[in-house]
Each structure stands twice: as C-alpha cells, then as structure tokens.
Amino acid sequence: MAKYTPMMEQYLTIKADYQDAFLFFRLGDFYEMFFEDAINASRELEITLTKRDAGQDEKIPMCGVPYHSAENYIKNLVEKGYKVAICEQVEDPKTAKGVVKREVVQLITPGTVMESTMLNERNNNYIASVSHFGDGSFVVVYLDLSTGESRIAHVEVSFDRVIHELYNQPIKEIVISSNLPEVLQKQLKDRLQITLSYQDEVTFNGEYRDICENLNDERLVKAFSRLLNYVQFTQKRSLDHLKRAEVLELDQYLSLDMYSKRNLELTETILRNKRHGSLLWVLDKTVTAMGSRMLKKWLERPLLDKVLIENRLEAVEGFYHAFMERDALRDSLKSVYDLERLAGRIAFGNVNARDLIQLKKSLNRIPEIKELLVTIDNQEIVNLANELDYPEDIVRILETSIAEEPPISIKEGSIIKDGYNDQLDSYRDASRNGKKWIAELEQREKQETNIKSLKIGFNRVFGYYIEVTKANLHLLPEGRYERKQTLTNAERFITPELKEKEQLILEAEEKSVDLEYTLFTEIREQIKSKIPRIQTLADIVSKIDVLQAFATVSEANNYHRPSFTDNRLHIKNGRHPVIEKVMDDGTFVPNDVELDEKKSMLLITGPNMSGKSTYMRQLALIAIMGQVGCFVPCDEAELMIFDQIFTRIGAADDLVSGQSTFMVEMLETNHAIEHATNRSLILLDEIGRGTSTYDGMALAQAIVEYIHHNVKAKTLFSTHYHELTALEDSLPKLSNVHVRAEEYEGNVVFLHQIKEGAADKSYGIHVAKLASLPENLINRASVILNQLESKGSKVDGNNGEVSEGTSDQLSFFIEENVTENNKTLNDDEESIIKGLNELDLFDMTPLEAMNELHRLQKLAKQKWKTK
Ligand code: ADP
Ligand code: MG
C-alpha cells in the first residue's frame, strides 16, 4: 500500500491526540477536515464533501470552511455539544522547510467557549466537574471561564444528590475521571444530557496557588485541579482572570431537589424549557446582563440566614421608596457593559479597542451611581455605595491611550490617540506631512497644466498616481511624467518625486500600525493586572442591579415585604406571581394561607381546574421569593424560613429517563419523605392518580399519615379522593380546605377561592361538559353517577356510620371508619385490647369475625411499625 503524504502523516499524528473533537486543520485560507471528521462535519454543517489525494490509491474524504467565517461553523458544532480542535500553522510557510509545522492552539468545547457570539449574555456558561472519593463523598466544581468565577461544593451521601445539585444549572460540559464507575457515568449522561469529558490528572499546579487559597481540604483541591488541568489543556493560554474559588456550603441554602426546581418553573418552564413563563421571567427587571446572571444564581439558591435575607429586603425596601433615584440608577446602569465578561476577555487576550472603550465608558458611570446611592436614606444601600470602588487609574490609562471611535480590527491602526506615544506621533506627522505635500502637489499640477479634472489617487498595486482623462492628455507637458496604467478613458502617471514621498508615507504608516498594535497589547497587559478590581466592581454592580430589580418588580406588581417568624405561615391575599402576570387582567383571585405548629397540614379538595395546583405552587414561590430577598405577591406575609422544599406536582412523564408517571411520582414522594424535616415544605399534588383507585387511595392516605406522624413538615396535599377528608378527625394537625366552585344552571363556575372544610362534590362531569364532550355522553355519565351514588354509601367522617351496599371505592374506607368510630386509629395499644375485649363472638358470623380480626391486626401492625 502506498504511503500517505507527509502532510497527511502530520495530520494523523495530531488527530490521534484529539479523537473526540473535530480537528480543524489549517491549510492556507481554509480549515480542512478529513476522513470521518469530514463526513460528519459535512452532515452537521451542511457543507460539500469532496475528496483529496493523500498519497494513497484511493482519495480520502475532505471538507473545509474558510478561515474568515470559521467562527460560525465552530459555534454551530459547539452548540450541538461537539468539541473543535483548532490546528494552526505555527511557522511561516515561506521560510518553512518541508511540511509547515502545525499545532493545536485551542480546543474549543461547549464548556470553554469565550466568544461573545457563542455565549448567552444572560446566562452563565459553566463547565463542571464531578470527582468521587473513597469515602463515598463527591465534590462538584463549577467554573465559568467567561466570567472567571468558580464554586466548589462537597456533596455527601449519595450520587443522587450530585444529580440534584447539577440539574438545571447552565452547565455545558462535565469533566470526570475515567475511573468514575460506569453506572454513574451513565446517570450523568442520561439524566443531565450534557457533554462528558475526561481528565484523570489531578496534580495541583502551583500557578493556581492564589485562587485555591480558600480550599482547606485536599479533596477540594484535587477536584478543582481536575477542572483546571482540563481547562489549561484545552485553552493553552493564560487564565489570569480566574477569581478565587468560592467554597459553596450547600447546607447554607434552601435546598431544592431536581423535581422541585423543575416543577416550580423557577428559571424555565417544564414543557418548553423557556424562560418566558418562569418565575425568573417575572422577576428579571435587571438592567445589566451580569445582574441578570446574578439574579438567576440567587433564585437557584435561596438563603437560610435570616440576617442575610433581611439585609437584602432592607435594601429592596430602600429602592422601593426611592423611585426617582431608582429610575436614575436604571438609566446609568444602561451604559454599564458586561464588566465580568470583559474582564475575562481581557485576560484571554481577545479584546479589541472597542471593548476597551466600552470598559472606559462603563467605569465612568461608577461615580454618578455612587453619588446617587448615597443620597438614598437606607443604610444597606449606602453600604453598597461605599463598596463601589471607582478604578480611576484604569480610566486614566484608557482615556489617554485609546481613540474614542476605534475600528474593530486591532491590526489596522487608528486605535491609539495622538499624544500618547512620541514615536507614534512622529510617524503620524511624517505620514500627515507627506499627504499634505501630495494634496499641495495636486493643486500645483492642476494650475500648471490647467487641467481641472486632474487628480492624485492611491491604490494598493501602483501606490500614488496622477490621473488625467484622455480628453486632456494633450495639455500635459512632454517628458515630465511616466505613464503607469491605461484605463478606458484616462491615463495614470507617476513622477520620481511622487514616488519618493509615497515611500516615506507608506513606511511611516506601516511602522505606525505595527507600533499601535504593540502599544495596544501593552495597554491590554496593564489593564489585565487590574482585573481583580474590575471583577469586584462587577460583583457589586450586579448586586445593586438585582436589588433595584426586586424593588422595581415589587412596585409594579404590588408585592409586600415579608417578615419572618419561627414556625408559622400567615399569608393574606397571596397570589401566584407568574399566573397573575400571564392572565394580566387583574382577575386572579388571591387566597390566604395559615399554617403553624398545631395546624401543619392542609388537605385540599375541589374540582378539577379549580386552582388546587396553583394554590400549592403559589405558596412555594412566595416562600422562595421571600428567602431570596424579594417582596412577595400578597398583602401581608409572615413566613418561616424553610430548609427544603419538596414538590410532587402533576407534571408530564419524565420522558428523559423513560420512567412512568407513577414511578416518578413514587420516587419524588420518597425523596421528600426521606429528606424533609419539620422545617421543610412539602407539596403533594394528587398523589396516587397513576394507579388503580384502591391502590392510589391507600397510598395517599398512608403518605399523609406518615408525614403527619413522622416527618412533621408543613404540607399541602391536594387530592381528588374525597374520602380522605375524613382524616381530619384522626389527624389533629391536618385541616381540610377546598376550592370553591358553584353550580349555576347546570354548569360549574370556578371561584378559585380557598375555603375551610371539604369540598362537597367533585364536579367531574361538569368539567367534562366544559370540555364539550358530546351531550349524550354527558347525560349517560350523569345517569351512571346517580346509580352509583344511590347504590353506594356515603361516608361521614365524623361518626363513621356506613350504610349498606358496596360502592366502588369504599371497602378500604369501611375499615377506616370503623376505627374512626372507636377513635383508635394509631392511638395506643389500649384500643386494640379494648377492641378484642368487646368482641361478642357468639353474635358474629365467621365472616364478620374475620373482618374484625383483620382490622385489629392491621392496627397492631401499624402501631408496632411506626413506633
Ligand atoms: P387544579 O389543580 O385544581 O386542577 P389549577 O391550579 O391547575 O387547577 O388551575 C387551573 C386554572 O385555573 C389555572 O390555569 C388558572 O388559569 C386558573 N386559576 C387557578 N387559580 C386561580 C386563581 N386563584 N385566580 C384565577 N384563576 C385561577
Ligand atoms: Mg392540579
């Protein structure tokens, strides 16, 4: 077999190190791809697949993209989760002997993109890593290369927690060890659907000593090193803008598992993964992109520390009342660019002069913002103002050096101001004088020759020339000009004098362009050394932006400041912040919530579509908003600080993991029951729907009882099993509420009002009618219902009198209500003994005896198990 050409050999050697990436191989003005890469890229990018001779008998597949438009193609691939290795010529082809030397200069991966066109400005772009340790603990690291921030958290106990932690974060790539057990790798892939990358080397790199200062644990250092090594390997350049890693103590934040994050639609909707329709969408009245990113981070991690929460609320209150100042502040913030990402790009070396002008303009707003804030009569805001540190030295550097309206390119001059550098000024003088001389020459020649249309022009090939139209040629004196070029109706000439000046001008221009580039990189380096100050400033500006956003949204939507008490919830006229916005017609019906230690559970009944789910979510959202430091949608709120919120709210099947609704329901419920404390909030919405009635009802009741006795969390439990309302009598901390609906001329009217007590009926058929099912179907259903109701027995929760007959849902409840009668459910062994004692065996049929024994045994079993 013939051998590959030397260049192809080079390609193959390099490709061997980048198996999992598209290798963009620089060939002249193109990046070429070969073999499999070419086939796949032509499909993904919809570009033509060609063939190329590579030294062998058969040609090989090839495709390519022009160097100048490569960014879009790279973006396209990276957005699809692929990696792209950029392989450049690293020596001058003109002087190279043999094949030009090439090297990969950067591996662009979904988690490491820096180009602003590839980033969503209102979202962080994290690359994460997960490391496991022998003791069964895990460490999760987040790094946003574009902003330089990183956060590190220990996750104890289980891998499940790791998934819950990572879920719903803007992570584009996860770096793991190839030794992470296969099953866990699979879970990451299946449940999170994020690109996985491997990095086994975790040796600490001394260059990063400073940013690792906070890491007081060897595991944290190792885990962080894994990610840093990977980033270093892919980027192959300075990472000077990385901020000191922040250790994230997960137990200092309200914990939301992945189900709740999704169910509550905090940052995106369940169905379409859209920001529109989420809580973030309502609350995001930030002005800057960095503020918007910070708001999202806050929303994902509500606080537990009352002092910190109150500090935020206090500042929000300040902004709320100072609406003139707030307006002015919002105006100033509009001219503050994304300082965080600018800092990142400065460190990376990919800023241009325009970026630096943006930086200058942004920094120049700081004094006025500061001035504005100190006039507000609010200590928290004044404190923030005092933290704003105006980096005058940076502004001064930029003010004297960078031209006000520079071009995009940094290699074509016109970016440095006059007077900044003497050498540059002298080049510029030379060029300007030369040009002036040429302008004068033009005047002179015009006069001497009397040709009005004579002009001096310039092009890249011939340089400066004198142009005379053919009609005027006869006016030119003989021998003074040298003909250079003939056009259809003009001739172009040069003179030795003109060429001499041209030489001077071009030389001066070339030198000044080179010098400008050098000066620019020097300025960039100077600014680079001040990145930490810019970053700190960015952080405080973001915070101010979020707090003013809270005030703005609170004012616009009539929210009120909550207060916090220990173990009590009192919400007057609470509203669902998103639904009231979506409805946007002021018809949302507000509702109260009252819960405390004595009454910790609400059992919610009411027809379909009446507002049960809305009421439940509303409570969770109000709690989260409060703990984030925002005012809340209601007239009055006393909240308690929840440590965790769990939700099981009727959602679509968990299609991603391929589990059935019922299984997901049980998983979510189990997760809640296992982890909740008496400081938690649990929302269970229509548990048990996914299985048969008896099954479902039995489970629902058992779950309510279990939470009541063992978990003691504040709980809202909605159900379509009316029979469960009888539990109010046996479970002292449980109260019935219902959503009011009224029948009006045979139609149901939803009032969306929460009232005490149980609902009287379920209105299922009415709802079916609303949905326009055929009329005779509806009539038939009414007949069947009548039959069932007259045959069946009505359970009265208070005395448990059960009429004869078998209803479709009752056998289970006949038992329960007999126990009601004896007031024994879960009471104590006395009742069981008493029950046995009072049995009149001679007056019972064998079947009755059997039933009664079964009942007592069940009680006994319950008792010994729960104790
Ligand atoms: P359920 O869970 O009882 O079936 P939902 O909570 O899903 O009902 O509410 C159904 C619809 O009723 C909501 O989409 C909303 O349009 C409307 N709704 C719910 N609560 C209210 C309310 N308090 N005020 C006005 N409309 C409401
Ligand atoms: Mg519902």
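Counting starts at 1 for both ligands and their atoms, following the listed order. For the numbers below, each heavy atom of this structure counts, side chains included, while hydrogens, waters and symmetry mates do not.
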Original post:
Is K543 atom NZ crowded by more than 12 heavy atoms from other residues, nucleotides or ligands, each under 6.0 Å away?
Top reply: no

Original post:
With a cut-off of 6.0 Å (strictly less than), are more than 12 heavy atoms of other residues, nucleotides or ligands near CD of E79?
Top reply: yes

Subject >> R575 contact mode with ligand 1 (heavy-atom cut-off under 4.0 Å) >> reply: neither

Subject >> Any N, O or S atom of S613 closer than 2.8 Å to the Mg ion (ligand 2) >> reply: yes

**OP:** Classify the contact between P590 and ligand 1 as side chain, backbone, both or neither, using a heavy-atom distance cut-off of under 4.0 Å.
**Re:** neither

**OP:** Ignoring hydrogens, tell whether any protein atom lies closer than 4.0 Å to atom 26 (N) of ligand 1; use the non-hydrogen atoms only.
**Re:** yes

**OP:** Looking only at protein heavy atoms, identify the closest one to atom 24 (N) of ligand 1 and say how far it is in Å.
**Re:** V589 N, 2.8 Å

**OP:** Kindly assign one of parallel, tilted or perpendicular to the pair F550 and W298, based on the angle between their ring planes and the thresholds 30° and 60°.
**Re:** tilted

Subject >> Sub-4.0 Å protein heavy atom near atom 20 (N) of ligand 1 >> reply: yes

Subject >> Closest protein heavy atom to atom 17 (C) of ligand 1, given as residue, atom name and distance to 0.1 Å >> reply: H752 CE1, 3.6 Å

Original post:
M609 to ligand 1: N or O pair under 3.5 Å?
Top reply: yes

Original post:
Got the closest protein heavy atom to atom 6 (O) of ligand 1, with its distance?
Top reply: T614 OG1, 2.5 Å

Original post:
Should G606 be listed as contacting ligand 1, given a heavy-atom distance under 4.0 Å as the test?
Top reply: no

Subject >> Chi angles and distances behind the ring-ring contact (aromatic ring centres under 6.0 Å, His included) call for H576, Y615 >> reply: CA-CA 7 Å; H576 189 298; Y615 180 66; over 10 Å; no

Original post:
So H164 and Y259, would you call those rings parallel, tilted or perpendicular, with 30° and 60° as cut-offs?
Top reply: perpendicular

Subject >> For E638, the option from R568, H570, K572 that meets side chain to side chain donor-acceptor pair (under 3.5 Å) >> reply: R568

Original post:
At a 4.0 Å threshold, what atoms of ligand 1 neighbour a non-hydrogen atom of G611?
Top reply: 1 (P), 3 (O), 5 (P), 6 (O), 8 (O), 9 (O), 19 (C), 20 (N)

